[in-house]
There are 4 protein chains.
Amino acid sequence: MAVTGDATDEESATTTASVVGASGFAGGELLRLLAGHPEFAVAQATSREYANKTVGSVHPNLRGLDLRFSEPSDLDSVDVLFAAAPHGVAMEHVDAWRDAAGTVVDLSADFRLETEAQYDDWYDGHSAPEHLEDAVYALPEISRDDLPGADLIAGGGCNATATILGLLPLAEAGLLEGAHVVVDVKVGSSEGGAGGGAASSHAERSGVVRPYAPTGHRHEAEIEQELGLSVSFTAHAVDMVRGASATCHVFPDGPVSKTDLWGTYRETYGDEPFVETVAGGSGVYRYPEPKAVAGTNKAEVGFEVDPENGRVVTFSAIDNVVKGSAGQAVHAANVALGFAETAGLEQYGMHPVGSP
Amino acid sequence: MAVTGDATDEESATTTASVVGASGFAGGELLRLLAGHPEFAVAQATSREYANKTVGSVHPNLRGLDLRFSEPSDLDSVDVLFAAAPHGVAMEHVDAWRDAAGTVVDLSADFRLETEAQYDDWYDGHSAPEHLEDAVYALPEISRDDLPGADLIAGGGCNATATILGLLPLAEAGLLEGAHVVVDVKVGSSEGGAGGGAASSHAERSGVVRPYAPTGHRHEAEIEQELGLSVSFTAHAVDMVRGASATCHVFPDGPVSKTDLWGTYRETYGDEPFVETVAGGSGVYRYPEPKAVAGTNKAEVGFEVDPENGRVVTFSAIDNVVKGSAGQAVHAANVALGFAETAGLEQYGMHPVGSP
Amino acid sequence: MAVTGDATDEESATTTASVVGASGFAGGELLRLLAGHPEFAVAQATSREYANKTVGSVHPNLRGLDLRFSEPSDLDSVDVLFAAAPHGVAMEHVDAWRDAAGTVVDLSADFRLETEAQYDDWYDGHSAPEHLEDAVYALPEISRDDLPGADLIAGGGCNATATILGLLPLAEAGLLEGAHVVVDVKVGSSEGGAGGGAASSHAERSGVVRPYAPTGHRHEAEIEQELGLSVSFTAHAVDMVRGASATCHVFPDGPVSKTDLWGTYRETYGDEPFVETVAGGSGVYRYPEPKAVAGTNKAEVGFEVDPENGRVVTFSAIDNVVKGSAGQAVHAANVALGFAETAGLEQYGMHPVGSP
Amino acid sequence: MAVTGDATDEESATTTASVVGASGFAGGELLRLLAGHPEFAVAQATSREYANKTVGSVHPNLRGLDLRFSEPSDLDSVDVLFAAAPHGVAMEHVDAWRDAAGTVVDLSADFRLETEAQYDDWYDGHSAPEHLEDAVYALPEISRDDLPGADLIAGGGCNATATILGLLPLAEAGLLEGAHVVVDVKVGSSEGGAGGGAASSHAERSGVVRPYAPTGHRHEAEIEQELGLSVSFTAHAVDMVRGASATCHVFPDGPVSKTDLWGTYRETYGDEPFVETVAGGSGVYRYPEPKAVAGTNKAEVGFEVDPENGRVVTFSAIDNVVKGSAGQAVHAANVALGFAETAGLEQYGMHPVGSP
């Protein structure tokens with residue numbers, strides 16, 4: 001008998017939540033975070049494939065939870081519905097979801113972009129564009145003021161989240177105007193989701209430094225929308241399961257000092273509960289490192305200056321499944337519903353840790 | 001600014017604790033667990049090498065903590081002193097530590113064995129044998145009744161903990177009497193501690209299946225002491241950082257069925273908050289798996305029967321840094337001081353997770 | 001343009017070979033070894049799925065080879081046909097294969113066991129039992145005398161190969177008579193083949209110590225057949241792609257010294273070109289280690305004695321795709337056809353190497 | 001007894017070679033390559049630390065070699081001396097080495113740059129600048145015409161080699177003139193050499209995406225020298241042992257098509273024995289991948305165009321210990337001495353392979 005099922009004090013948690021698409025990686029992470037959240041009680045976890053099985057049979061870390069998957073077609077009314085379905089599913093079901101819940105937090109790409117035209121350009125169009133104007137981008141570091149009371153919240157993409165957090169201080173300081181920006185991202189295998197295939201098998205995927213979608217990545221649209229600038233984006237798969245690390249090479253108009261940057265980052269993130277600036281210093285961990293934040297909702301951001309080349313390099317690291325997905329969603333819901341921002345998200349990372 | 005420093009509600013935590021040897025892996029893990037513990041307030045974290053540096057400069061997961069290392073020679077009086085120093089240090093300082101704290105919990109091997117003779121046989125003797133009779137073995141699954149009020153608690157070895165937890169139900173059911181037992185353990189690199197050397201460098205240590213101390217491992221003494229039987233023990237280093245997995249091949253006198261074993265394990269662990277029995281079933285995770293419990297104080301145990309060979313095979317998996325060290329210590333302190341057993345130890349593991 | 005296509009001097013190579021099932025891991029490895037073999041010229045590489053594609057499109061290490069997959073139904077006449085198809089396929093096609101080639105070397109389990117009764121016990125029977133008596137077990141260390149002129153050769157299983165090579169000296173010295181033997185094997189993900197599935201995805205398979213087929217593994221049949229004793233066998237998946245490591249815990253009737261064992265192993269393997277005894281000594285690599293032999297046809301074997309428990313522990317390590325499959329097949333073919341034993345198999349391993 | 005010691009036919013190999021600094025990773029790799037080289041016979045392998053020990057005691061892949069380390073102070077006269085000592089050692093000993101050997105191939109940075117001024121700018125000056133004008137850069141893809149007869153050859157840096165090979169076709173086509181170039185490199189732990197330290201321990205180094213020397217990397221000097229342009233360079237440590245992967249983001253003056261690039265790369269590399277262009281196509285491996293070339297002297301190069309951003313992205317992948325060090329040295333020596341270019345360098349890589 002595991003203790004962990006008791007982590008949420010069911011007596012005091014009065015806000016009900018459903019997780020749709022709960023057998024995937026992001027869905028399982030939502031269950032983990034909500035199970036330890038003081039305000040939420042999980043009412044349903046849906047999975048067509050695993051309906052009636054225990055959530056622990058799919059997510060071994062949740063064996064202590066007394067909860068079974070239910071059919072996605074049979075939704076209870078809840079306060080908040082978190083959706084972690086593949087892209088395209090939310091468009092199709094958003095009406096039903098909004099009927100079932102006062103607040104819908106969707107982790108897919110379906111409501112991230114603001115206009116139908118963007119979906120025409122970057123995706124295969126949109127089948128429920130009338131909801132787009134209601135959607136608020138989930139990342140509280142840029143949308144905190146719009147979240148309270150929002151009833152449709154759209155989680156940011158993991159690569160976009162890492163990139164945006166690294167560049168946001170520069171954008172706010174006006175250092176990106178007219179700047180040339182190259183974004184080189186390294187990501188873990190959990191980004192590919194719980195499905196499989198030859199390319200993601202252990203034998204083929206281990207030890208890679210593999211360019212994927214080397215140009216034209218859809219997250220460019222999101223970065224451009226949120227930061228107001230176009231970036232040259234390339235992502236690489238590397239040997240980790242969780243984690244996204246973005247290195248941004250920025251060429252501002254004029255010279256920038258490291259002291260300036262410390263001020264800039266402090267200005268943007270000084271009061272942020274989930275962003276830590278790491279830029280040099282001593283020891284083994286001198287720059288942002290995904291494994292240091294694995295399992296947590298924290299982002300590490302940092303920078304270095306290259307006066308020879310007129311360059312600023314920024315580094316940012318997140319756990320793509322937490323800060324880049326489920327944790328960001330819970331954080332946004334906390335803000336939307338007026339809970340403490342850090343409720344349910346106070347986990348520390350681990351040290352040492354291998355390749356989480 | 002990180003939220004995580006607020007995880008412990010300093011207002012309500014009234015029991016003071018020190019961590020001696022806090023820059024090592026087990027010491028850092030004690031800090032992580034105590035920072036999130038509702039009853040403990042950390043008064044000191046000592047490190048000779050890093051005195052005056054922030055704990056976050058060594059343990060990047062703890063950057064949010066507002067705490068600096070202090071000199072180990074300058075100990076405050078506290079309620080509980082947790083010691084995570086290399087073997088031999090505790091013998092030397094135990095008098096001072098017991099003067100400074102009402103309860104000392106030592107994670108080293110220095111007080112695990114009951115008699116001076118065992119230290120003569122398995123180690124290089126003992127310099128403070130007068131304390132041995134006071135020491136209580138930390139693992140609550142076998143020493144719960146002796147822990148309340150204990151003032152010297154000796155943490156079990158990680159490999160011994162994994163082995164003991166796998167075999168304990170068989171021992172309690174009398175199935176190990178006269179049985180031949182082979183224990184084959186696989187462990188991660190964190191067992192070697194925070195120091196380095198050629199053998200533990202990434203280039204040499206990656207991807208290994210490396211026998212070490214293939215015979216005569218000191219944990220045999222501890223297993224024999226706690227279970228009352230001699231085992232044939234061999235450990236292998238494998239490519240993970242955290243984790244210890246013990247496979248025990250047992251040849252009992254008579255036939256045993258899987259149903260019998262389910263009953264036996266339920267009898268021993270049915271009420272244990274930190275032990276989960278996993279033995280077959282469906283899905284990817286059918287037997288104990290160290291990565292499923294990484295970062296947690298949970299142990300997974302399981303078994304299979306091999307009627308052709310008259311064999312029972314048991315499997316057990318722990319995070320060596322938590323259940324095999326710092327978590328076991330906190331669990332024991334919870335029992336010793338009368339706190340809720342699971343206080344500060346309610347973390348869930350992660351899924352997916354790579355090689356934590 | 002790559003040089004490697006010229007490694008085989010096509011002028012001088014006069015023995016023709018086909019590889020059936022060439023898109024799998026073992027099939028690709030056969031192509032690699034045959035491409036560098038001085039005696040063989042590859043005539044065909046079949047793959048139903050990838051017919052007409054270049055072998056380099058599946059096996060990126062072979063991009064330099066000017067060779068395309070052909071349909072398996074359209075076989076040329078060759079001197080030697082190597083088959084690397086899934087279990088069951090060889091039974092079905094063995095007549096056609098033997099018509100097409102003077103010598104058939106099958107890497108599957110279909111002809112490893114000697115009698116139809118064994119296939120009834122361990123597999124789902126056998127559909128071409130009339131060929132069983134013709135088959136010679138491929139491993140030259142035990143079948144060298146039977147291989148010359150053999151026209152049906154059955155490759156050993158990778159786990160069985162590792163186990164047999166570790167125990168063979170003890171068997172030949174009579175030390176296994178009546179002995180109790182526990183075999184604990186650790187294997188890489190390439191054993192699962194080129195297919196995929198949730199359990200073998202990178203996210204789920206990374207960092208595991210996962211018992212699979214914990215009892216009743218089919219390789220027990222093969223070990224028993226070749227060594228004449230029953231063993232208690234358990235295999236674990238660990239985080240590597242290539243490699244199989246067998247630790248055998250043996251309890252002989254009387255005492256055995258390490259000096260005795262050195263003599264025993266030298267007696268068995270002193271003249272073997274592909275077996276190296278590694279048992280103690282200095283440095284980082286003191287016992288057999290799969291990564292030290294990755295990519296090669298070498299086996300490392302070693303041992304240690306445990307007088308306290310009356311135990312001998314043997315260690316053996318191979319690359320499962322080479323010595324445990326394709327390399328063993330080429331080695332056997334070399335002996336069968338009277339070539340130099342080491343022809344085409346002289347590769348060195350790498351140092352350092354991570355997790356090959 | 002291992003076969004591999006016979007790989008070099010000592011009868012026919014008439015060119016003698018020494019390896020200075022043979023216990024390090026690059027030194028061991030030189031021994032591996034020379035042992036299989038048809039023209040070279042290894043006369044000496046020096047190591048101060050391991051003098052009189054077998055090379056197999058340090059390099060487990062070379063256990064089959066009958067060779068012991070000798071003192072570096074006691075050099076025989078040989079035809080070619082390969083030096084794999086830490087930076088700074090070659091400057092000090094170059095006179096003695098050139099006395100002992102007709103051709104010196106130095107793998108360190110000591111003779112890579114052409115002028116003393118560059119060493120003043122990027123290193124701590126140079127103590128033997130009179131040799132600089134004799135040195136020929138080892139990489140045959142750019143210095144083939146200068147190598148024949150060279151008596152001092154300077155191996156390129158591994159990161160520089162990967163970068164130069166990716167950009168060379170663009171440079172030759174005039175596409176880099178005035179172009180802005182960002183180079184983002186990912187490297188394995190073998191780059192750090194055989195020494196250790198906390199940062200390179202398995203527990204700390206596993207699973208990282210760690211920026212190191214994020215700006216001002218010394219290889220910038222070498223890239224600028226060889227390609228005639230300044231680049232913005234950042235390197236990241238990732239979880240592999242062998243391998244260097246360079247992604248270059250290039251912004252040429254005008255539009256470039258993928259067809260143009262195929263022509264450009266074919267023009268530069270069509271006849272190169274060790275460079276393979278991989279740029280799209282089907283299957284799992286569509287772009288250069290370090291693990292596909294592990295253990296070999298091959299480089300994979302590739303590219304993609306990003307018309308939206310006016311960008312060309314190039315990818316290049318090598319094994320840093322072979323093409324980026326020991327293999328490049330042997331290749332250069334082959335050209336310098338008039339041997340077949342590919343002599344001793346015809347190894348295929350492996351598939352599958354994990355994280356070599």
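Chain A is the first sequence line, chain B the second, and so forth, proteins listed ahead of strands; every chain is numbered from 1. These numbers were taken from a predicted model, which means no experiment stands behind them. Basis for what follows: all heavy atoms, side chains included, without hydrogens, waters or symmetry-related copies.
- Using a 4.5 Å cut-off between heavy atoms, D:R210 contacts chain A through both its backbone and its side chain.
- Judged by distance alone, with hydrogens and angles left aside, the side-chain atoms of D:R311 form a donor-acceptor pair with the main-chain N or O of A:F233 at under 3.5 Å.
- Contact of the D:E304 side chain with the A:T234 side chain is not registered, since no non-hydrogen atoms from C-beta on lie closer than 4.5 Å.
- Using cut-offs of 30° and 60° on the angle between ring planes, the pair D:H249 and A:H249 is tilted.
- If you measure heavy-atom distances from D:V241 to chain A, you find no contacts under 4.5 Å at all.
- Residue contact with chain A, scored on non-hydrogen atoms closer than 4.5 Å, involves the backbone of D:R205 exclusively.
- Neither the backbone nor the side chain of D:P356 has a heavy atom closer than 4.5 Å to any heavy atom of chain A.
- Using a 4.5 Å cut-off between heavy atoms, D:V209 touches chain A through backbone and side chain atoms alike.
- With respect to the salt-bridge test (charged N to carboxylate O, under 4.0 angstrom), the residues D:K186 and A:D184 qualify.
- Ring geometry for D:H180 versus A:H180: interplanar angle of 30 to 60°, hence tilted.
- Looking at A:Y285, the atoms closer than 4.5 Å to chain D (heavy atoms on both sides) all sit in the side chain, from C-beta outward.
- Both the backbone and the side chain of D:S232 come within contact range of chain A, each with at least one heavy atom under 4.5 Å from a heavy atom of that chain.
- Contact of D:V313 with chain A is made through the side chain alone, with heavy-atom distances under 4.5 Å.
- With contacts defined as side-chain heavy-atom distances shorter than 4.5 Å, the pair A:E308/D:T215 does not qualify.
- Residue contact with chain D, scored on non-hydrogen atoms closer than 4.5 Å, involves the backbone and the side chain of A:V208 alike.
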